[in-house]
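In what follows, a single structure is set out as structure tokens and then discussed.
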Amino acid sequence: VLSRLSVYRKGSTYVINIGFTSEDPVKAASLANAFAENYLLEQLDAKFDATSRANSWLNDRLTVLRAEVRSAENAVEVYRGQSGLLSAQGSSLTEQQISDLNAQLIIQTADYNETVARLESVKAKVARGDAADTIGEVLASAVIQTLRAQESTVAGKRAELSSRYGPRHPEVLKVEREAADVQAQIQQEIKRIVSNLESEVGIAQQKVRSIESGLNRLRGELSSNNRSLVRLRELERDAEASRSLYESFLERFKENDDQETITDADARIISKAVIPSTQSSPNTLLNILLGLALGVAAGLGMVVLAEMLDNGLSTGADVEREIGVPFIASVPKLGDGWVNVVRNLMGKTQMPGDFIAENPLSMFAESFRTLRSTILLSDSDKKPKVVTISSALPGEGKTTIVRSLGRLSAMSGSKTVIVDCDLRLRQLSKLSEVAPKAGLIKYLKGDAALRDLIVKDKKSECDYILNSENEYTNRDLFGTPEFGKLLTALRRKYDLVILDTAPILLVTETREIARQSDAVVIASRWRKTKADAVTTATNILQSVNANIIGLVLTQVNMRTRRKYGIGDYSYYSRQYGKYYASPIKETVG
Ligand SMILES: Nc1ncnc2c1ncn2[C@@H]1O[C@H](COP(=O)(O)OP(=O)(O)OP(=O)(O)O)[C@@H](O)[C@H]1O
Ligand SMILES: [Mg+2]
């Protein structure tokens with residue numbers, strides 16, 4: 001199943017494509033959707049797991065932290081109790097006591113100072129002997145006031161008695177004593193008041209001292225308290241740190257706890273897979289196009305390969321470019337089509353040479369008309385009469401050309417003779433249906449007359465000079481004067497003398513024949529004979545000063561050729577096909 005699943009990220013987006021390939025479109029869509037949903041579920045599960053794991057960890061941590069906070073805060077309280085640093089409104093007890101005592105000290109000191117001042121002033125007045133009335137303390141005393149009242153009563157009595165009695169009168173003396181007694185009592189009272197003040201000063205002083213000593217003690221206490229305070233603050237900080245850590249964990253825990261209940265997947269489904277309406281594979285159109293492209297490529301490859309392997313001559317342009325001789329004509333290839341196969345089976349073998357007699361208007365015949373007129377026009381001064389048909393290699397169609405050209409020429413009204421100069425194969429002789437009285441060899445040896453040589457063609461006015469079957473020689477007969485004489489005789493008697501020869505590259509005699517001819521035509525098999533071979537043959541002919549008038553491509557498949565041969569008349573053969581009336585199909589290549 002997984003191999004049919006395709007998951008890929010779309011470009012650089014965060015979109016993930018999930019596809020599933022199946023023969024059943026409904027199944028494909030539902031499976032793709034199922035994969036997407038499962039993916040989301042799994043993501044949720046994973047997230048849920050992660051948060052609950054985090055929560056349990058946080059929970060553990062919280063328990064530990066809570067214990068830590070408790071013990072830290074406990075330590076603070078215990079220490080505070082031990083060190084007496086009980087806090088009240090931000091200040092310690094000692095500090096408060098000190099401030100209280102300070103306030104008392106101020107009051108008591110003022111009180112003391114005032115008492116001392118009063119004592120001093122009273123003492124000073126008493127020492128100066130000032131009237132007791134000027135001393136406020138004395139005036140305020142009830143005892144003094146009573147005594148002052150007695151004093152004035154006694155003074156009144158004394159004044160009354162002194163006016164009546166003499167100073168020695170007992171009554172006067174008695175009053176005098178009373179007055180002195182009152183006065184003594186007043187002095188006594190003043191003394192008492194002073195000593196009273198003195199004791200008051202003493203008490204005030206005592207109070208001040210006690211406050212001061214209290215303060216001193218408290219100050220000592222405070223300095224030791226401050227040392228304890230440092231420790232206390234330390235403990236408090238510890239407790240504070242533990243608490244804030246605990247609180248932040250607690251916060252986190254609460255958040256997580258919330259998350260655990262409302263976890264969301266990171267991914268969501270943008271669009272569900274729909275049931276596809278067309279198949280994804282095989283892509284018929286693509287396959288057809290691919291096949292087409294491959295086919296075309298292979299075809300092109302084959303063509304290129306064929307072109308590379310084929311270094312024969314293909315067009316007239318090839319001939320002129322590669323061989324450097326004029327191109328004359330293309331002789332169509334005859335009959336390897338099914339029509340001829342049937343004819344062959346029926347025993348009616350038709351030789352290409354016979355074709356022209358039966359189909360004088362064919363394209364095949366036309367190529368020989370071209371050849372003929374090229375030969376005739378090749379020299380404007382004197383018409384070439386002796387024409388050698390040669391080729392570099394065997395089987396290039398020389399004999400076929402000779403027979404066809406001979407017949408055509410004869411049919412065109414020229415007196416024509418064709419001579420079988422191929423002493424080895426003697427094809428022309430073999431093809432002929434009539435035997436001569438004497439063969440060419442016999443004549444060249446000087447053993448026969450010209451008129452014994454000549455035989456008439458059955459199908460045309462063309463004359464033949466042939467070889468007899470059983471004659472053979474190793475002598476070079478073409479270098480003899482007899483051959484020259486033969487040509488002269490033939491020139492006189494005929495308009496056109498066509499010589500069939502052996503291949504140049506194989507048989508040396510051909511050079512001699514070519515040398516003595518007026519014109520030489522090279523036959524070369526279309527796309528078969530290598531250009532190198534043709535060039536070599538051409539060079540040989542040129543070295544004996546043969547007059548090469550051009551080259552004929554033979555056995556040309558016109559159908560194929562049409563596609564190549566731009567520049568040849570044959571290229572137009574399709575358009576002008578109606579000009580070539582032919583009872584049988586000539587090119588069925
Ligand atoms: N235009 C043509 N169409 C079809 N077949 C042809 C054509 N020309 C020649 N042939 C065939 O090719 C073969 C060789 O041809 P031909 O004998 O004319 O060549 P050649 O050059 O005379 O050969 P050789 O060097 O052996 O004498 C023959 O079987 C002939 O029938
Ligand atoms: Mg031949």
Side-chain angles (χ1 to χ4, degrees), residues 312-313 328-341 343-344 348-360 362-371 387-408 418-432 440 462 464-467 498-511 513-514 520-530 533-534 536-537 540-541 551-561 565 568 570 573 580 582 584-589:
L313 299 168
I328 299 172
S330 297
V331 178
K333 183 177 175 76
L334 292 179
D336 45 8
W338 62 271
V339 175
N340 292 71
V341 172
R343 286 171 75 99
N344 286 348
K348 289 188 182 174
T349 314
Q350 193 189 32
M351 295 313 295
D354 295 329
F355 184 81
I356 201 159
E358 287 153 22
N359 307 280
S362 61
M363 196 158 29
F364 183 81
E366 199 53 41
S367 68
F368 288 100
R369 278 192 194 96
T370 311
L371 175 57
V387 178
T388 295
I389 308 298
S390 68
S391 75
L393 300 169
E396 305 218 52
K398 297 180 293 292
T399 308
T400 306
I401 291 176
V402 169
R403 288 182 81 208
S404 303
L405 183 63
R407 279 177 169 168
L408 182 103
I418 56 178
V419 186
D420 188 3
C421 296
D422 183 352
L423 300 183
R424 288 174 175 76
L425 286 188
R426 306 173 191 184
Q427 269 181 311
L428 200 56
S429 310
K430 284 174 193 158
L431 285 170
S432 171
L440 181 61
C462 188
Y464 284 12
I465 294 179
L466 304 167
N467 284 297
I498 307 167
L499 310 182
D500 186 15
T501 60
I504 299 168
L505 298 186
L506 304 187
V507 179
T508 329
E509 294 162 355
T510 308
R511 303 173 196 189
I513 302 165
V520 178
V521 170
I522 303 170
S524 175
R525 205 163 157 194
W526 178 72
R527 297 184 80 181
K528 279 273 156 55
T529 316
K530 305 256 190 296
V534 184
T536 311
I540 290 170
L541 288 173
L551 186 145
V552 174
L553 286 176
T554 61
Q555 304 183 39
V556 177
N557 184 332
M558 296 308 273
R559 219 182 262 178
T560 315
R561 170 60 185 277
D568 282 347
S570 56
S573 60
Y580 307 121
S582 168
I584 65 156
K585 199 101 173 105
E586 40 183 315
T587 59
V588 203

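This one's a predicted model, so the numbers in the text were calculated from it and none came from an experiment. Note that ligands are numbered from 1 as they come in the structure, with each ligand's atoms numbered from 1 the same way. Values reported hereafter were calculated over all heavy atoms of this structure, with side chains retained and with hydrogens, waters and symmetry mates removed. Residue numbers run from 1 in the order of the sequence given.
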**OP:** Would you check the N or O atoms of Q555, main chain and side chain alike, for any that come under 3.5 Å of an N or O of ligand 1?
**Re:** yes
Subject >> Atom pair CZ/OG of R525 and S391 - distance to nearest 0.5 Å >> reply: 11.0 Å
Original post:
Can you tell me how far NZ of K398 sits from CG of L405, rounded to the nearest 0.5 angstrom?
Top reply: 15.0 Å
Original post:
Can you list the ligand 1 atoms lying under 4.0 Å from a non-hydrogen atom of E396?
Top reply: 19 (O), 20 (P), 21 (O)
Subject >> ligand 1 N/O within reach of L425 N/O, cut-off under 3.5 Å >> reply: no
Subject >> Test item: N467 side-chain N/O and R426 main-chain N/O as donor-acceptor pair under 3.5 Å >> reply: no
**OP:** Flag T501 as yes if one of its N/O/S atoms falls below 2.8 Å of the Mg ion (ligand 2), otherwise no.
**Re:** no
**OP:** Test side chain to side chain contact (heavy atoms under 4.5 Å, CB included) on I401 and E396 and set out the steps.
**Re:** CA-CA 10 Å; I401 291 176; E396 305 218 52; over 6 Å; no
**OP:** Out of D354, L506, L431, T400, indicate the one that has the non-hydrogen atom closest to atom 15 (O) of ligand 1.
**Re:** T400
Original post:
Under the side chain to side chain contact (heavy atoms under 4.5 Å, CB included) criterion, do F364 and L334 qualify, and how do the steps go?
Top reply: CA-CA 8 Å; F364 183 81; L334 292 179; 3.7 Å; yes
Original post:
Does D500 reach ligand 1 with a nitrogen or oxygen that is under 3.5 Å from one of the ligand's nitrogen or oxygen atoms?
Top reply: no
Original post:
Is the backbone of L428 close enough, under 3.5 Å, to the side chain of S432 for a donor and an acceptor to pair up by distance?
Top reply: no
**OP:** Could you tell me whether some N/O pair between G397 and ligand 1 is separated by less than 3.5 angstrom?
**Re:** yes
Original post:
What angle sits at the Mg ion (ligand 2) between OG1 of T399 and OE1 of Q427, to 10°?
Top reply: 90°
Original post:
Does S330 use its side chain to pair, donor to acceptor, with the backbone of L553 at less than 3.5 Å?
Top reply: no
**OP:** Please find out if the Mg ion (ligand 2) and some N, O or S atom of T400 are separated by less than 2.8 Å.
**Re:** no
Original post:
Within less than 4.0 angstrom of ligand 1, does F355 place any heavy atom?
Top reply: no
Original post:
Which atom names give the shortest non-hydrogen contact between V507 and R424, and what distance separates them?
Top reply: CG1-NH1, 3.3 Å
Original post:
Which one holds for Q427 and ligand 1: side chain close, backbone close, both close, or neither close, with close meaning a heavy atom under 4.0 Å?
Top reply: side chain
**OP:** Below 4.0 angstrom from a heavy atom of K398, which ligand 1 atoms are there? Numbered from 1 as shown, please.
**Re:** 18 (O), 19 (O), 20 (P), 21 (O), 22 (O), 24 (P), 25 (O)
Original post:
Are the side chains of I522 and L541 in touch, meaning some heavy atoms are under 4.5 Å apart?
Top reply: yes
Subject >> V331 neighbourhood, listing ligand 1 atoms whose heavy-atom distance to it stays under 4.0 Å >> reply: 1 (N)
Original post:
Should you measure from each heavy atom of F364, which atoms of ligand 1 turn up under 4.0 Å away?
Top reply: 1 (N)
**OP:** Run down the list V402, L334, I401, D420 and name the one with the heavy atom closest to atom 3 (N) of ligand 1.
**Re:** L334
Original post:
Does an N or O anywhere in P332 fall below 3.5 Å from an N or O of ligand 1?
Top reply: yes
Original post:
Can you find an N/O atom of T501 closer than 3.5 Å to an N/O atom of ligand 1?
Top reply: no
**OP:** Report the C-alpha separation of D500 and I418 in whole Å, then their side-chain angles, then the decisive distance to 0.1 Å, and conclude whether the side chain to side chain contact (heavy atoms under 4.5 Å, CB included) test is met.
**Re:** CA-CA 7 Å; D500 186 15; I418 56 178; over 6 Å; no
Original post:
Has ligand 1 got any nitrogen or oxygen that is less than 3.5 angstrom from a nitrogen or oxygen of G395?
Top reply: yes
Original post:
If every non-hydrogen atom of T388 is compared with every non-hydrogen atom of A514, which pair is closest and at what distance?
Top reply: OG1-CA, 3.9 Å
**OP:** Please assess D420 against L440 for the test side chain to side chain contact (heavy atoms under 4.5 Å, CB included), listing each intermediate value before the final yes or no.
**Re:** CA-CA 8 Å; D420 188 3; L440 181 61; 5.9 Å; no
Original post:
When only distance counts, is K333 in polar contact with ligand 1, meaning an N/O pair under 3.5 Å?
Top reply: no
